[in-house]
Amino acid sequence: MRRYGSAVLLLLVGGAVLRISLFSELYLRYVQAALRPYLVISGSLLIVLGLVAAVRGMRQRDHDEHDEHEEHEEHREEGAEEEAEHDHGHSHSHGGPRIAWLLTLPALALLLFPPPALGSYSASREEAQRAAQGVGTFAALPAGKVLDISVAQYSSRAIYDTGHSLKGRTLRMTGFVTHGSDGTWYLTRLLVTCCAADATISKVEIRGDEADGAPQTDSWVTVTGTWIPKGKLGTDGAWPPVLKATQVKQVKEPADPYDKR
(Lines give C-alpha, C1' and ligand atoms only; values in the text may rest on other atoms or scores of the structure.)
Protein backbone atom coordinates (compact mmCIF):
# COMPACT_ATOMS: atom_id res chain seq x y z
CA MET A 1 0.00 0.00 0.00
CA ARG A 2 2.98 2.33 0.36
CA ARG A 3 3.01 3.12 -3.34
CA TYR A 4 -0.47 4.67 -2.95
CA GLY A 5 0.52 7.07 -0.17
CA SER A 6 0.88 10.15 -2.37
CA ALA A 7 -2.38 9.34 -4.18
CA VAL A 8 -4.30 9.00 -0.92
CA LEU A 9 -2.87 12.27 0.41
CA LEU A 10 -3.75 14.16 -2.78
CA LEU A 11 -7.27 12.75 -2.84
CA LEU A 12 -7.87 13.58 0.84
CA VAL A 13 -6.62 17.16 0.52
CA GLY A 14 -8.51 17.70 -2.73
CA GLY A 15 -11.67 16.23 -1.24
CA ALA A 16 -11.37 18.46 1.83
CA VAL A 17 -10.91 21.59 -0.30
CA LEU A 18 -13.91 20.70 -2.49
CA ARG A 19 -16.02 19.89 0.53
CA ILE A 20 -15.58 23.33 2.06
CA SER A 21 -15.70 25.31 -1.20
CA LEU A 22 -17.93 23.48 -3.70
CA PHE A 23 -20.35 21.53 -1.54
CA SER A 24 -20.74 23.97 1.36
CA GLU A 25 -19.94 27.50 2.46
CA LEU A 26 -17.40 26.49 5.08
CA TYR A 27 -14.66 28.14 3.01
CA LEU A 28 -16.00 31.49 4.23
CA ARG A 29 -14.39 30.70 7.57
CA TYR A 30 -11.00 30.91 5.91
CA VAL A 31 -11.14 33.30 2.94
CA GLN A 32 -13.32 35.89 1.22
CA ALA A 33 -16.13 34.75 -1.09
CA ALA A 34 -14.28 36.01 -4.17
CA LEU A 35 -11.64 33.30 -3.71
CA ARG A 36 -14.13 30.43 -4.01
CA PRO A 37 -13.42 29.67 -7.72
CA TYR A 38 -9.70 29.32 -7.00
CA LEU A 39 -10.40 26.84 -4.19
CA VAL A 40 -12.68 24.79 -6.42
CA ILE A 41 -10.06 24.72 -9.19
CA SER A 42 -7.30 23.80 -6.72
CA GLY A 43 -9.37 21.01 -5.16
CA SER A 44 -10.27 19.61 -8.58
CA LEU A 45 -6.63 19.61 -9.69
CA LEU A 46 -5.61 17.78 -6.53
CA ILE A 47 -8.28 15.14 -7.16
CA VAL A 48 -7.06 14.68 -10.77
CA LEU A 49 -3.43 14.41 -9.62
CA GLY A 50 -4.47 11.89 -6.96
CA LEU A 51 -6.26 9.75 -9.54
CA VAL A 52 -3.24 9.92 -11.85
CA ALA A 53 -0.96 8.87 -8.98
CA ALA A 54 -3.32 5.99 -8.13
CA VAL A 55 -3.34 4.73 -11.73
CA ARG A 56 0.46 4.93 -11.89
CA GLY A 57 0.64 3.00 -8.63
CA MET A 58 -1.59 0.26 -10.04
CA ARG A 59 0.50 0.02 -13.19
CA GLN A 60 3.68 -0.12 -11.15
CA ARG A 61 2.19 -2.87 -9.02
CA ASP A 62 1.30 -4.93 -12.10
CA HIS A 63 4.78 -4.35 -13.52
CA ASP A 64 6.43 -5.41 -10.27
CA GLU A 65 4.28 -8.53 -10.02
CA HIS A 66 5.21 -9.45 -13.58
CA ASP A 67 8.91 -8.96 -12.86
CA GLU A 68 8.66 -10.93 -9.64
CA HIS A 69 6.99 -13.80 -11.46
CA GLU A 70 9.76 -13.92 -14.09
CA GLU A 71 12.47 -13.65 -11.46
CA HIS A 72 10.81 -16.36 -9.42
CA GLU A 73 10.85 -18.71 -12.38
CA GLU A 74 14.48 -17.88 -13.06
CA HIS A 75 15.57 -18.31 -9.48
CA ARG A 76 13.86 -21.65 -9.17
CA GLU A 77 16.57 -22.95 -11.45
CA GLU A 78 19.38 -21.26 -9.49
CA GLY A 79 18.47 -22.65 -6.10
CA ALA A 80 16.26 -21.85 -3.14
CA GLU A 81 19.01 -19.93 -1.28
CA GLU A 82 19.55 -17.32 -4.00
CA GLU A 83 15.80 -16.88 -4.39
CA ALA A 84 15.36 -16.15 -0.68
CA GLU A 85 18.17 -13.56 -0.74
CA HIS A 86 16.71 -11.80 -3.77
CA ASP A 87 13.21 -11.68 -2.28
CA HIS A 88 14.59 -10.18 0.92
CA GLY A 89 16.31 -7.36 -1.01
CA HIS A 90 13.34 -6.74 -3.29
CA SER A 91 10.89 -6.36 -0.42
CA HIS A 92 12.72 -3.25 0.75
CA SER A 93 13.00 -1.54 -2.63
CA HIS A 94 9.60 0.15 -2.74
CA GLY A 95 7.83 2.80 -0.73
CA GLY A 96 8.81 5.22 1.98
CA PRO A 97 8.64 4.90 5.76
CA ARG A 98 5.30 3.98 7.25
CA ILE A 99 5.29 7.16 9.31
CA ALA A 100 4.67 9.08 6.07
CA TRP A 101 1.05 7.94 6.31
CA LEU A 102 0.69 10.32 9.25
CA LEU A 103 0.67 13.13 6.68
CA THR A 104 -2.85 12.06 5.75
CA LEU A 105 -4.20 12.83 9.24
CA PRO A 106 -4.40 16.67 8.89
CA ALA A 107 -6.18 16.33 5.54
CA LEU A 108 -8.55 13.73 7.00
CA ALA A 109 -9.27 16.00 9.98
CA LEU A 110 -10.09 18.92 7.67
CA LEU A 111 -12.34 16.67 5.61
CA LEU A 112 -14.29 15.33 8.60
CA PHE A 113 -13.98 18.05 11.25
CA PRO A 114 -13.57 21.57 9.77
CA PRO A 115 -12.67 24.09 12.50
CA PRO A 116 -15.16 26.77 13.54
CA ALA A 117 -14.94 30.40 12.53
CA LEU A 118 -12.84 32.76 14.62
CA GLY A 119 -14.70 33.88 17.72
CA SER A 120 -14.31 35.55 21.09
CA TYR A 121 -10.79 34.21 21.67
CA SER A 122 -9.51 35.80 18.47
CA ALA A 123 -11.42 38.98 19.25
CA SER A 124 -9.79 39.30 22.66
CA ARG A 125 -6.34 39.12 21.06
CA GLU A 126 -7.14 41.78 18.47
CA GLU A 127 -8.74 44.51 20.57
CA ALA A 128 -5.88 46.91 19.99
CA GLN A 129 -6.16 46.65 16.21
CA ARG A 130 -8.49 49.17 14.59
CA ALA A 131 -8.79 50.61 11.11
CA ALA A 132 -6.36 53.45 10.48
CA GLN A 133 -8.87 56.12 9.53
CA GLY A 134 -8.83 59.85 9.88
CA VAL A 135 -11.55 61.99 11.36
CA GLY A 136 -13.79 63.49 8.70
CA THR A 137 -17.24 63.61 7.16
CA PHE A 138 -18.71 60.33 5.91
CA ALA A 139 -21.21 59.84 3.08
CA ALA A 140 -24.89 60.10 4.01
CA LEU A 141 -26.60 56.91 5.16
CA PRO A 142 -29.53 55.45 3.16
CA ALA A 143 -33.02 56.47 4.21
CA GLY A 144 -35.25 54.06 6.11
CA LYS A 145 -37.02 53.58 9.42
CA VAL A 146 -34.56 50.90 10.52
CA LEU A 147 -31.13 50.81 8.89
CA ASP A 148 -29.16 47.56 8.65
CA ILE A 149 -25.50 48.34 9.16
CA SER A 150 -22.40 46.27 9.78
CA VAL A 151 -20.55 46.43 13.08
CA ALA A 152 -17.48 47.76 11.23
CA GLN A 153 -19.48 50.53 9.56
CA TYR A 154 -21.11 51.55 12.83
CA SER A 155 -17.76 51.57 14.62
CA SER A 156 -16.10 53.70 11.94
CA ARG A 157 -18.87 56.30 11.88
CA ALA A 158 -19.20 56.44 15.66
CA ILE A 159 -15.48 57.04 16.13
CA TYR A 160 -14.51 59.17 13.12
CA ASP A 161 -17.56 60.85 11.55
CA THR A 162 -17.63 64.59 12.23
CA GLY A 163 -21.01 64.76 10.48
CA HIS A 164 -22.61 62.54 13.16
CA SER A 165 -24.50 60.56 10.54
CA LEU A 166 -25.64 58.03 13.17
CA LYS A 167 -27.50 60.63 15.22
CA GLY A 168 -31.24 60.02 15.44
CA ARG A 169 -31.13 56.82 13.39
CA THR A 170 -32.49 53.43 14.41
CA LEU A 171 -29.82 50.90 13.56
CA ARG A 172 -29.71 47.11 13.35
CA MET A 173 -26.55 45.00 13.53
CA THR A 174 -25.68 41.31 13.81
CA GLY A 175 -22.62 39.82 15.49
CA PHE A 176 -21.42 37.45 18.18
CA VAL A 177 -21.25 38.18 21.89
CA THR A 178 -18.10 38.91 23.86
CA HIS A 179 -17.97 39.89 27.51
CA GLY A 180 -16.09 42.63 29.31
CA SER A 181 -15.76 43.52 32.97
CA ASP A 182 -18.60 44.44 35.36
CA GLY A 183 -21.25 42.74 33.25
CA THR A 184 -20.45 44.73 30.11
CA TRP A 185 -20.98 42.89 26.86
CA TYR A 186 -20.24 43.67 23.25
CA LEU A 187 -21.64 42.94 19.84
CA THR A 188 -18.53 41.82 17.99
CA ARG A 189 -17.57 41.00 14.44
CA LEU A 190 -14.26 40.11 12.83
CA LEU A 191 -13.38 41.94 9.64
CA VAL A 192 -11.52 39.95 6.98
CA THR A 193 -9.68 41.66 4.14
CA CYS A 194 -8.43 38.53 2.37
CA CYS A 195 -8.42 35.52 4.69
CA ALA A 196 -8.87 34.64 8.35
CA ALA A 197 -5.19 35.29 9.05
CA ASP A 198 -5.65 39.07 8.63
CA ALA A 199 -8.85 39.36 10.68
CA THR A 200 -9.29 42.52 12.76
CA ILE A 201 -11.96 43.28 15.32
CA SER A 202 -14.92 45.63 15.39
CA LYS A 203 -17.12 45.72 18.46
CA VAL A 204 -19.90 47.79 19.97
CA GLU A 205 -20.75 48.07 23.67
CA ILE A 206 -24.43 47.29 24.23
CA ARG A 207 -26.30 49.27 26.90
CA GLY A 208 -29.90 49.88 27.92
CA ASP A 209 -32.67 47.90 29.57
CA GLU A 210 -32.72 45.38 26.72
CA ALA A 211 -29.04 44.69 27.31
CA ASP A 212 -29.64 43.33 30.82
CA GLY A 213 -28.82 39.67 31.13
CA ALA A 214 -25.95 39.36 28.69
CA PRO A 215 -26.24 36.54 26.15
CA GLN A 216 -23.78 33.67 26.25
CA THR A 217 -20.28 34.25 24.89
CA ASP A 218 -19.95 33.44 21.17
CA SER A 219 -23.74 33.31 20.70
CA TRP A 220 -25.01 35.28 17.70
CA VAL A 221 -27.53 38.09 18.17
CA THR A 222 -29.16 40.86 16.18
CA VAL A 223 -29.34 44.12 18.11
CA THR A 224 -31.56 47.09 17.23
CA GLY A 225 -30.94 50.45 18.88
CA THR A 226 -29.62 53.99 18.71
CA TRP A 227 -26.19 55.56 18.88
CA ILE A 228 -24.84 56.92 22.17
CA PRO A 229 -21.97 59.42 21.60
CA LYS A 230 -18.84 58.66 23.60
CA GLY A 231 -15.50 60.45 23.95
CA LYS A 232 -13.74 62.73 21.53
CA LEU A 233 -13.80 61.67 17.89
CA GLY A 234 -10.66 59.94 16.70
CA THR A 235 -9.34 59.19 20.20
CA ASP A 236 -9.14 56.08 22.35
CA GLY A 237 -11.94 57.57 24.46
CA ALA A 238 -14.38 57.04 21.60
CA TRP A 239 -13.63 53.34 21.37
CA PRO A 240 -15.43 51.00 21.63
CA PRO A 241 -18.57 52.83 20.46
CA VAL A 242 -21.85 52.40 22.33
CA LEU A 243 -25.35 51.42 21.21
CA LYS A 244 -28.49 51.76 23.33
CA ALA A 245 -30.42 48.58 22.58
CA THR A 246 -34.17 48.55 22.08
CA GLN A 247 -34.22 44.90 20.97
CA VAL A 248 -31.84 41.95 21.31
CA LYS A 249 -32.71 38.83 19.34
CA GLN A 250 -30.72 35.61 19.26
CA VAL A 251 -30.03 34.30 15.72
CA LYS A 252 -28.12 31.52 14.01
CA GLU A 253 -24.53 32.04 12.96
CA PRO A 254 -24.56 33.35 9.36
CA ALA A 255 -22.96 31.36 6.55
CA ASP A 256 -20.39 34.15 6.19
CA PRO A 257 -19.38 34.96 9.78
CA TYR A 258 -17.01 37.80 8.90
CA ASP A 259 -17.84 41.48 8.54
CA LYS A 260 -17.43 43.78 5.56
CA ARG A 261 -16.84 47.50 5.45
Side-chain angles (χ1 to χ4, degrees), residues 32-33 117-120 122-194 198-215 217-251 253-254 256-261:
Q32 288 279 26
L118 302 179
S120 58
S122 300
S124 66
R125 297 176 61 197
E126 300 290 340
E127 289 187 1
Q129 297 186 16
R130 300 195 291 276
Q133 294 177 269
V135 174
T137 302
F138 283 53
L141 289 169
K145 185 176 181 180
V146 179
L147 176 65
D148 288 303
I149 189 172
S150 71
V151 177
Q153 290 171 337
Y154 180 88
S155 181
S156 295
R157 289 176 179 270
I159 297 173
Y160 300 107
D161 185 14
T162 57
H164 304 299
S165 57
L166 299 176
K167 186 176 181 179
R169 300 298 302 271
T170 300
L171 308 158
R172 182 165 52 206
M173 294 173 284
T174 298
F176 61 89
V177 175
T178 56
H179 287 172
S181 59
D182 302 326
T184 303
W185 66 277
Y186 305 92
L187 185 70
T188 309
R189 205 77 181 255
L190 290 166
L191 177 68
V192 169
T193 302
C194 177
D198 63 21
T200 56
I201 183 177
S202 297
K203 72 178 186 179
V204 177
E205 181 182 344
I206 305 301
R207 297 181 185 175
D209 294 339
E210 294 297 323
D212 293 341
T217 299
D218 283 329
S219 61
W220 283 80
V221 295
T222 295
V223 180
T224 304
T226 54
W227 172 51
I228 298 178
K230 173 189 173 184
K232 182 180 179 181
L233 291 179
T235 68
D236 289 342
W239 193 88
V242 180
L243 183 81
K244 181 179 180 181
T246 56
Q247 184 183 53
V248 177
K249 181 181 179 182
Q250 190 159 351
V251 296
E253 179 181 342
D256 186 353
Y258 300 122
D259 214 344
K260 299 177 179 62
R261 290 203 180 278

Practice task
Answer yes or no: is there a side-chain heavy-atom contact under 4.5 Å between T174 and R189?
Solution key: yes
Handout entry: Separation of W185 CH2 from T178 OG1 (nearest 0.5 Å)
Key = 9.0 Å
Problem - Heavy-atom check, side chain of T170 versus side chain of K145, under 4.5 Å - result: no
Problem - Shortest non-hydrogen contact from M173 toward S150 - result: SD-O, 4.0 Å
Exercise for the section: Spell out, as yes or no, whether a donor-acceptor pair under 3.5 Å connects the side chain of Y154 to the backbone of V242. Expected result: yes
Exercise for the section: With rounding to the nearest 0.5 Å, note down the distance linking OG1 in T226 to CZ in R207. Expected result: 12.0 Å
Practice task
Please round to the nearest 0.5 Å and tell me the distance separating atom NE2 of H179 and atom OG1 of T184.
Solution key: 10.0 Å
Practice task
Indicate yes or no: at least one non-hydrogen side-chain atom of S202 is less than 4.5 angstrom from one of Q153.
Solution key: no
Fill in the blank from the handout: All heavy atoms of G208 vs all of K244, minimum pair found to be CA-CG, 4.4 Å
Exercise for the section: Enter the distance from R172:CZ to I149:CD1 here, rounded to the nearest 0.5 Å. Expected result: 12.0 Å
Problem - Straight-line distance of L243 CG to I206 CD1, nearest 0.5 Å - result: 5.0 Å
Problem - Distance, nearest 0.5 Å, that separates CH2 of W239 from CD of E205 - result: 10.5 Å
Completion exercise
A238 and I159 have their tightest heavy-atom pair at O-CG1, 3.6 Å
Exercise for the section: Looking only at non-hydrogen atoms, find the nearest pair between A158 and W227 and report the distance. Expected result: CB-NE1, 3.7 Å
Handout entry: Minimum side-chain heavy-atom gap Y186-I201 below 4.5 Å
Key = no
Handout entry: Note, L141 side chain near L166 side chain (heavy atom, < 4.5 Å)
Key = yes
Problem - Side-chain heavy-atom pair H164, L233 within 4.5 angstrom cut-off - result: yes
Problem - Heavy-atom side-chain proximity of F176 to L190 below 4.5 angstrom - result: yes
Problem - Enclosure of D212 CG (heavy-atom neighbours >12, cutoff 6.0 Å) - result: yes
Problem - Identified side chain to side chain contact (heavy atoms under 4.5 Å, CB included) partner of V223 from the options T246, V151, V177, L187 - result: L187
Practice task
Give a yes or no on whether K230 atom NZ has more than 12 heavy-atom contacts from other residues, nucleotides or ligands under 6.0 Å away.
Solution key: yes
Problem - Distance-minimising heavy-atom pair for P215 and V248 - result: CG-CG1, 4.4 Å
